[in-house]
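Read the numbers this way: they start at 1 and go in the same order the structure lists the ligands and their atoms.
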Amino acid sequence: MKALLISGGRIIDPGRGVDEVGSLLISGGKISWLGNGQAMPSRSDYAVLPAQGLAVCPGFIDLHCHLREPGFEEKETIASGTRAAARGGFTTICCMPNTNPPLDNPATIEYVRSKAATEGVVRVLPIGCISKGREGKELAPMSELVAAGVMGFSDDGSPVLNSPLMRQALEASRALGLPIIDHCEDTTLFGGGYMNEGIVSARLGLKGMPAAAEWLMVFRDLALAQLVGGWVHIAHVSTAGAVDFIRHSKEIGVRVTAEVTPHHLTLTEAMVTGDNTAAKVSPPLRTERDIQALIQGLKDNVIDVIATDHAPHSEADKRGEFSQAPFGISGFETALGSLMGLVHSGQLSLATLIAKLTCQPARIIGDKYGKLGTLAVGAPADITIFDPARDWVVDTGAFASKGKNTPLAGSVLKGRVMATISRGELVYQDESIKVEEKEPEKVKRRV
Ligand code: DOR
């Protein structure tokens, strides 16, 4: 593939403390040259992607999504899900194992990896199950799953209610060096609710899911991680109380990392009207107070990363009664736009936001797949280009995802992905982005 110069953009690379206008050259699938100001590379055989007025940052990394394959291809496939990821600016995505069959054995991991290699447009890192069949009874063959290439373990969609099993998983994680990613919800406390337990659930007459259900499970996991020294990663933190517990555990040296979703950072239980099944998600949308604690947790590094929990469902699945609909929000394609709202309102700096989507998740993944989450020379050319100020209307008809289930349908967001480069290939470009196939001698050279 011909080399590509991304020229004159605002290069934001929080892992290296960079925020300056510059250009970068991609060749051989890697970043091969970087220059600030008006500098140009010495070679001239490249196409040019003009990025004036746009932000250029490392490709976003999502530690938590659902690609639904194998088994639920009517909701999403690796082909459609990775295209949706690319439209959202994500170049590395970690997919959850609540498929059918679940990803609890090496053959299923191999299936996902080979599909991703042939049909995916971004890097896909599968997550293996903690327990066989996600049944919470017996550990999955964790060492075999590591050999097959998992990035971590989770029974996401369900918590690990069985405490001795969670202890064993954390013990194994110590030797394996990979995180145990827990969906923290003590479901025994409420036995099947549909939304946050509070005044809105009371008014609507919908069974609630109390914040305390999350607190109990987060606290149990932190206690076990402290006991055995394993690595626990708390998925989709949604409550202020969980932020407090994680903060304390980090202070005393427990090995814990944590994530929050764009929807838990930006939407409250007020979105739930009783028939808006697109706002039905697990954990549920909470309160303004929780949002403020989650934002503070991001700023203080109590919460390490933002992860989408992209959970596509078919229209048929989400139609009908609120109580019957499955939990989940299709999140890849609105993530940046909704999160930029926090930047535009002054609640989060752009550098912090980009760090939570790039170098911070890269730290959790480690360097097995090359240097991710950075624009350093020699790193894989995974790059996201976005317009921080562009207004756009969320049109689910234009989604690449099969999942149109978002409570943001029809909303205006400010901040839009304009192009995504994965391993050196332009895998998404907005129609307004034109790559200039210039003849070498015609490229304007100003050193
Ligand atoms: O809302 C959710 N949907 N939360 C989860 O934990 C699982 C996910 C899904 O698989 O649909």
Side-chain angles (χ1 to χ4, degrees), residues 62-78 80-81 84 93-104 112 126-131 133-134 136 152-161 180-187 190 192-196 206 209 213-214 217-218 221 233-239 242 258-267 269 271-272 276-286 306-319 322-332 334-335 401-408:
D62 189 3
L63 295 187
H64 188 148
C65 74
H66 299 268
L67 295 180
R68 307 298 192 206
E69 202 174 351
F72 302 107
E73 288 82 355
E74 73 287 0
K75 295 177 192 275
E76 195 76 292
T77 60
I78 287 170
S80 64
I93 58 177
C94 303
C95 62
M96 283 294 170
N98 59 339
T99 51
N100 187 19
L103 309 184
D104 67 354
V112 170
I127 296 168
C129 293
I130 295 172
S131 68
R134 297 178 57 251
F153 301 92
S154 184
D155 279 359
D156 183 65
S158 311
V160 179
L161 290 173
I180 303 299
I181 305 166
D182 201 14
H183 173 122
C184 289
E185 198 172 32
D186 184 346
T187 47
F190 56 93
Y194 315 121
M195 65 172 298
N196 184 47
L206 285 173
M209 303 156 86
E214 180 168 291
M217 195 57 80
V218 169
D221 283 359
H233 177 86
I234 310 293
H236 41 52
V237 177
S238 70
T239 60
E259 66 184 40
V260 60
T261 71
H263 46 271
H264 290 112
L265 282 169
T266 56
L267 304 174
E269 59 185 356
M271 289 300 286
V272 179
N276 183 10
T277 61
K280 183 176 175 186
V281 66
S282 172
L285 301 176
R286 305 282 187 185
I306 298 173
T308 67
D309 195 3
H310 173 75
H313 290 289
S314 69
E315 293 193 50
D317 288 341
K318 278 284 197 177
R319 206 177 297 137
F322 198 88
S323 59
Q324 301 303 311
F327 292 100
I329 291 177
S330 181
F332 281 146
T334 54
S401 174
K402 291 190 182 187
K404 315 298 179 193
N405 48 307
T406 171
L408 296 174

Is there a nitrogen or oxygen of A311 sitting under 3.5 Å from a nitrogen or oxygen of ligand 1?
no
Do H66 and D156 have side-chain N/O donor and acceptor atoms under 3.5 Å apart?
yes
With backbone taken as N, CA, C and O and side chain as the heavy atoms from C-beta onward, which portion of I329 lies under 4.0 Å from ligand 1: side chain, backbone, both, or neither?
neither
Starting from atom 1 (O) of ligand 1, locate the nearest protein heavy atom and write down its residue, its atom name and how far away it is, to 0.1 Å.
S282 N, 2.9 Å
Heavy atoms only: give me the nearest D182-P159 pair and the separation to one decimal.
OD1-CA, 3.9 Å
Any idea which protein heavy atom is nearest atom 8 (C) of ligand 1, and the distance to it?
H66 NE2, 3.7 Å
With a cut-off of 4.0 Å, which atoms of ligand 1 are near a heavy atom of V281?
1 (O)
Side chain of D155, backbone of V160: donor and acceptor closer than 3.5 Å?
no
Below 4.0 Å from ligand 1: does a non-hydrogen atom of K280 turn up there or not?
no
Under a plain distance cut-off of 3.5 Å, with no hydrogens placed, do E73 and T77 share a side-chain donor-acceptor pair?
no
With no hydrogens and no angle check, just 3.5 Å: does a side-chain donor-acceptor pair link E74 and S314?
no
Give the numbers and elements of all ligand 1 atoms closer than 4.0 Å to a heavy atom of H183.
5 (C), 6 (O)
List the closest protein heavy-atom neighbour of atom 3 (N) of ligand 1: residue, atom name, distance to the nearest 0.1 Å.
F327 O, 3.1 Å
Please could you name the atoms of ligand 1 that D309 approaches to less than 4.0 Å, counting only its heavy atoms?
4 (N)
Give the numbers and elements of all ligand 1 atoms closer than 4.0 Å to a heavy atom of H313.
11 (O)
In short, E214 meets A242 closest at the heavy-atom pair OE2-CB, 3.5 Å
From the options M271, M209, E269, select the one residue that forms a side-chain contact (heavy atoms from CB on, under 4.5 Å) with P284.
M209
Run the numbers for me: atoms of ligand 1, each under 4.0 Å from some heavy atom of H236, listed by number.
6 (O)
Have a look at H64, R68, M96 and point out the one with the heavy atom closest to atom 9 (C) of ligand 1.
R68
Main chain of G328, side chain of K318: is a donor-acceptor contact present, judged purely on distance under 3.5 Å?
yes
